Visitor: 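First the structure, which I've put down as structure tokens, then a few questions once you've had a look.
Side chains included, hydrogens not; waters and symmetry mates left out as well; all remaining heavy atoms used. The structure presented is a predicted model; accordingly, all values stated were derived computationally and were not measured.
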Amino acid sequence: MKQARHYPRHWRRPPQIITGRRWRVLLPLAILAYLTLAISSLEVDTARLIDGLERGARFAHGFLQPDFSSRWSDIRQGLIESLTMTLTATVVGILISVPIGIGAARNLVARPVYLVCRSIIAVSRSLQEIIIAIFLVAMFGFGPFAGFITLAFASIGFLAKLLADDIEEIDASQAEAIRATGASWWQLVHYAIQPQVMPRLLGLSLYRLDINFRESAVIGIVGAGGIGATLNTAIDRYEYDSAGAILLIVIAIVMLAEYASSHLRKTLQ
């Protein structure tokens, strides 16, 4: 028979993080003073704020009445560039991330290999996509090639880091059982590591595909091609109805990718 659970009959006050009464009074006052000083340092220009709200109202009006026909050829070209960049960069990023992620797992490789791979991951994760895109556009010029390299480079740091962490957290007993059979290092990876991390890697790859498409709309603003360049041109020309159409297309594709990836993950699991 199951033992009956005993629930507390009396409410108990949770333990206080700050026990001193003086500090409980001074700390909120210090936070309030800091927020007051921070807000006062913003130097808000009222006239500029009013003009910005008017422009925002015009943009919202264009968003509610999107125009898909006037610049459809440019929108289609930018959309094709973004989808091409997204797919190719994600595939290349996965292919490069897998060996780097394996090399960055402390329980699989020697320390020198581990340090080199972790350094590559750290460099990739330390730079934001927009900064990489600006640098590559200056090197290779405007166009989707700079965007492709940017997204692939960012994918390496994202996927390799999470893959390495998953490998370090695998069930050690399964790996020890494979080692006990006299298996080689490659056999250990194939029979002990791959079955445990493959579902997670597939899910991360689909998630990165979603991220890369959204980032393609951002890096295009600095000249890295894609739908972002078309959006930036529409905003510069005050064509807010075309900009609203582009944003609606981006939202629709992101939602479609989200539902598709969720269904695929359920199928794989």
Side-chain angles (χ1 to χ4, degrees), residues 83-133 135-136 147-216 218-219 254 256-269:
L83 293 175
T84 303
M85 283 193 306
T86 299
L87 183 59
T88 54
T90 304
V91 172
V92 172
I94 293 172
L95 294 178
I96 300 176
S97 298
V98 170
I100 294 178
I102 294 174
R106 187 183 290 106
N107 56 344
L108 277 183
V109 297
R111 184 171 178 79
V113 178
Y114 168 80
L115 293 176
V116 170
C117 293
R118 283 288 176 174
S119 300
I120 295 174
I121 294 174
V123 171
S124 177
R125 288 171 53 83
S126 62
L127 299 176
Q128 191 69 12
E129 285 87 345
I130 193 71
I131 299 175
I132 303 173
F135 178 72
L136 292 176
F148 158 72
I149 300 179
T150 299
L151 297 178
F153 183 75
S155 298
I156 293 172
F158 177 85
L159 293 172
K161 169 68 166 58
L162 296 177
L163 177 61
D165 293 344
D166 287 339
I167 293 176
E168 291 180 348
E169 296 174 0
I170 62 170
D171 185 6
S173 61
Q174 185 173 347
E176 291 298 329
I178 298 296
R179 285 194 182 98
T181 62
S184 63
W185 185 86
W186 287 106
Q187 291 174 331
L188 173 67
V189 172
H190 181 68
Y191 293 105
I193 307 301
Q194 179 194 356
Q196 298 190 58
V197 301
M198 182 58 71
R200 173 72 169 166
L201 178 61
L202 291 175
L204 291 174
S205 301
L206 294 172
Y207 181 50
R208 187 64 210 185
L209 182 69
D210 182 9
I211 294 176
N212 282 343
F213 179 75
R214 288 186 279 113
E215 290 296 334
S216 69
V218 177
I219 62 177
V254 170
L256 181 62
E258 177 66 23
Y259 291 136
S261 62
S262 176
H263 179 71
L264 184 58
R265 283 195 299 267
K266 291 180 181 179
T267 304
L268 294 174
Q269 292 176 354

Visitor: Between I193 and I102, is the side chain to side chain contact (heavy atoms under 4.5 Å, CB included) condition met? List the steps.
Guide: CA-CA 9 Å; I193 307 301; I102 294 174; 6.0 Å; no

Visitor: What ring-ring contact (aromatic ring centres under 6.0 Å, His included) pairs are there with at least one residue in residues 158-189, not counting sequence neighbours?
Guide: F158-Y207

Visitor: Could you check if a side-chain atom of L108 sits within less than 4.5 angstrom of a side-chain atom of L188, using non-hydrogen atoms only?
Guide: yes

Visitor: How close do M85 and S216 get, counting heavy atoms only, and between which atoms?
Guide: CE-CB, 4.0 Å

Visitor: Given side chain to side chain contact (heavy atoms under 4.5 Å, CB included), test L151 with I219 step by step and report yes or no.
Guide: CA-CA 9 Å; L151 297 178; I219 62 177; 4.0 Å; yes

Visitor: Report the distance from atom CD of E169 to atom CD of Q196, rounding to the nearest 0.5 Å.
Guide: 11.5 Å

Visitor: Search all heavy atoms of S155 against all heavy atoms of S97 and return the closest pair with its distance.
Guide: O-OG, 3.6 Å

Visitor: Are the side chain of S124 and the backbone of I121 linked by a donor-acceptor contact shorter than 3.5 Å?
Guide: no

Visitor: First locate atom CD1 of I131, then atom CG of L136, and finally report the distance between them rounded to the nearest 0.5 Å.
Guide: 12.0 Å

Visitor: Is there a donor-acceptor contact under 3.5 Å from the side chain of T90 to the main chain of T86?
Guide: yes

Visitor: Could you grab the distance from atom CD1 of I211 to atom CZ of R208, nearest 0.5 Å is fine?
Guide: 5.0 Å

Visitor: Nearest heavy-atom pair of I167 and A105: which atoms, and what distance?
Guide: CG2-CB, 3.5 Å

Visitor: Between R118 and A104, what is the shortest heavy-atom contact and its length?
Guide: NE-O, 3.0 Å

Visitor: Does any pair with a residue in residues 187-198 pass salt bridge (Lys or Arg N to Asp or Glu O under 4.0 Å), and if so which ones, sequence neighbours excluded?
Guide: none

Visitor: Side chain to side chain contact (heavy atoms under 4.5 Å, CB included) for V92 and F148? Distances and angles first, verdict last.
Guide: CA-CA 9 Å; V92 172; F148 158 72; 4.0 Å; yes

Visitor: Using the salt bridge (Lys or Arg N to Asp or Glu O under 4.0 Å) rule, collect all pairs that involve residues 87-99, keeping only residues at least two apart or in two chains.
Guide: none

Visitor: Nearest 0.5 Å, please: how far is CD in E168 from CG in L163?
Guide: 10.0 Å

Visitor: Could you grab the distance from atom CZ of R200 to atom CD1 of I170, nearest 0.5 Å is fine?
Guide: 14.5 Å

Visitor: Compare every heavy atom of A89 with every heavy atom of A152, then report the nearest pair and how far apart it is.
Guide: N-CB, 3.6 Å

Visitor: Taking atom OH as the centre, does Y114 end up with more than 12 heavy-atom neighbours from other residues, nucleotides or ligands that are less than 6.0 angstrom away?
Guide: yes

Visitor: Are R214 and V218 close enough, and set up right, to give a side chain to side chain contact (heavy atoms under 4.5 Å, CB included), and what steps lead you there?
Guide: CA-CA 7 Å; R214 288 186 279 113; V218 177; over 6 Å; no

Visitor: What heavy-atom pair brings L159 and S205 nearest, and what distance separates the two atoms?
Guide: CD2-N, 4.1 Å

Visitor: Could you give the distance from CG (L206) to CG (L201), rounded to the nearest 0.5 Å?
Guide: 9.5 Å

